[in-house]
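See structure below.
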Amino acid sequence: MTANTEKKAWWKEAVIYQIYPRSFADSNGDGIGDLNGITAHLPYLEKLGVDVIWLSPVYQSPNDDNGYDISDYRNIMTEFGTMEDFDRMLAEAHRHHLKIVMDLVVNHTSDEHAWFVESRKSKDNPYRDYYIWKEPRDGKEPNNWGSCFSGSAWEYDPATAMYYLHCFSKKQPDLNWDNPKVRDEVFDMMNWWCEKGIDGFRMDVISMISKDPAYPDGPVFDGLYGATGPYVCNGPHVHEYLQEMNRRVLSHYDLLTVGETAGVTVEEAKKYANNQGTELSMVFQFEHVDLVHGEIGKWTDEKPQLVNLRPVMNKWQYELEGKAWNSLFWDNHDQPRVVSRFGNDSEQYRVLSAKMLATCLHMMKGSPYIYQGEELGMTNAYFDQIEDYRDIESINAYHQYTENGLVTKEDMMRYLKEISRDNARTPMQWDASANAGFTTGTPWIRVNPNYTAINAEAELADPDSVFYYYQKLIALRHTHPIIVYGKFEGLLEDSASIYAYRRMLDGQTLTVACNFTKEEQPCALFDSLDGEELIANYKEHKEGVLQAYEARVILDRK
Ligand code: GLC
Ligand code: CA
């Protein structure tokens, strides 16, 4: 069955580009990216050909977690500009045929949000139940849960001698979604943004809004704290609350909605992103970027292997077929750079492997996401000193694990170079001038010194650049329905070096093969095919083999 039975939707045909505003473009020389910087670069994104921009948070925030700690949902962060700047950016984006998807961070607020300022004042404050407050247990934390940013997930508040829950930093208290007033407030705010004409929401850790009411201790995972995930991810009421959100907000507009669903399984994803459209358009799953785990969770410098990557990716392709829609991504503001992690960022192979990885992802079924700079093949930052890091998660983990002796400083620095979120947060590399053309001032985080060689200006002048390769992949998706709607089938599923698959639609077949290694690999897939070559990262092919990081895509119209 390869006829197109999939229900059509604009967001299924879209390619999304993520902007991390702080690091994208600074228009006023204060070293911090801003909205006017984004507006100035809209023609660049239109040239790339993407359909949608997902903006990481631009709301008022004290920036404990770079905007993921919101103190006012209806105002723009002072450093990023004003609401007038936002309105102009939105109008200009639409004029350039670009839609805007906002980040929605409502699992928690900032502790400086007016609701929390009230909530912590007294036990009978009207805002008390907007957050999750618990009595001490034996004079200590209510349970052993650890925060995602190190330390306990509970903070003691002397004013009322109780603890509040914060799955992230202590400046990010978790909202109590079981309180209908919280849901009213959030849905009102969402409607307010929709009325402004935005085109969707990316929902931050939305799988965490319903907690296990028993608040049990979790299994201790790093000798320090108990796991929190099992009791906060995909909780008992999460689908009920999202269905309510859908009824009261989402269904009234034509939106792209994508849930960042930490801990999601395929079974859960089929509910969140179900084809009936009662919850969200799609979700981000994280299995493929969580393949390697050390003794202290994500902190390791072990490289992921294709033999572990493929079964995960293919599983999501097979299992959601006809039931729910996939999102496709290699990196984002929380992940290291894809070419450094899954490819090869040496001078010799960076361009080839960046194109190969792009091919592998963009020919799959689902909506592809490109993280700023990925289209240039930007690499990890590889900072040498802890002082260069800005990310709260990286800095806290460094201190927690080196100070309690679990890891040496040298090991931790190696892990950060491999995995820290700051690898993706160095400024966008626009040109070879000072600070990569990102700012005329001092950037808030160091620029990757390789900007003199890797930058947008140079790539726009080079027809063989990573930029034009992405442009072509996007254009192909917009031209060939098989890339959007075709059914997926894995090939060579035992290969340790080649990722291959085909897509099928209405009698057509698209064959894709990618060599994940720097060695030539035998591959007979194309020897008997005589279809049209849609894209390839080598000009010449060798019969019976794929060359180092070679990627090929053939469309057979028979
Ligand atoms: C999400 C965001 C991340 C943030 C966290 C807490 O995972 O992507 O950047 O730190 O939620 O809001
Ligand atoms: Ca600025």
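Both ligands and their constituent atoms are indexed starting at 1 by order of listing.
Residue contact annotation: T439 places no N/O/S atom under 3.0 Å from the Ca ion (ligand 2).
Looking only at protein heavy atoms, the nearest one to atom 9 (O) of ligand 1 is D334 OD1, 2.7 Å. Summary of contacts: the protein heavy atom closest to atom 7 (O) of ligand 1 is E260 OE2, 2.8 Å. With hydrogens left out, the protein atom closest to atom 4 (C) of ligand 1 is D65 OD2, 3.3 Å, a heavy atom. Nearest protein neighbour of atom 2 (C) of ligand 1, counting heavy atoms only, is D204 OD1, 3.0 Å. At the shortest separation from atom 5 (C) of ligand 1 among protein heavy atoms lies F168 CE2, 3.7 Å.
For the pair H108 and ligand 1, a heavy-atom separation below 4.0 Å is found. Residue contacts with ligand 1: R202 is included, with a non-hydrogen atom under 4.0 Å away.
With ring centers used as reference points, Y470 lies under 6.0 Å from H362. With ring centers used as reference points, Y398 lies 6.0 Å or more from W299.
Counting heavy-atom neighbours within 6.0 Å of K181 NZ, excluding the residue itself, gives a total of 12 or less.
When OD2 of D34 and O of I32 are joined through the Ca ion (ligand 2), the resulting angle is 100° to the nearest 10°. Take the Ca ion (ligand 2) as the corner point: the lines to OD1 of D26 and to OD1 of D30 open at 80°, to the nearest 10 degrees.
Contact annotation for M208 and ligand 1: no heavy atom of the residue comes within less than 4.0 Å of the ligand.
Between the side chain of D51 and the main chain of V15, a donor-acceptor pair closer than 3.5 Å is present. Checking side-chain atoms of D301 against main-chain N and O of E418 turns up no donor-acceptor pair under 3.5 Å.
For ligand 1, the atoms lying closer than 4.0 Å to a non-hydrogen atom of F149 are 10 (O). Close contacts of ligand 1 with R421, meaning ligand atoms under 4.0 Å from a residue heavy atom, involve 3 (C), 4 (C), 9 (O), 10 (O). For ligand 1, the atoms closer than 4.0 angstrom to any heavy atom of H333 are 2 (C), 3 (C), 8 (O), 9 (O).
Salt-bridge annotation for D331 and R341: absent, with no side-chain N of the basic residue lying under 4.0 Å from a carboxylate O of the acidic one. Taking the charged nitrogens against the carboxylate oxygens, K270 and E319 do have a contact shorter than 4.0 Å, which makes a salt bridge.
Partner of F86 under the ring pair (Phe, Tyr, Trp, His ring centres under 6.0 Å) criterion, chosen from Y59, W193, F80: W193.
Listed by first then second residue, pairs satisfying salt bridge (charged side-chain N to carboxylate O under 4.0 Å, His left out) with a partner in residues 421-446 read D65-R421, D334-R421, D334-R425, D388-R446, D391-R421, D391-R425, E393-R421, not counting sequence neighbours.
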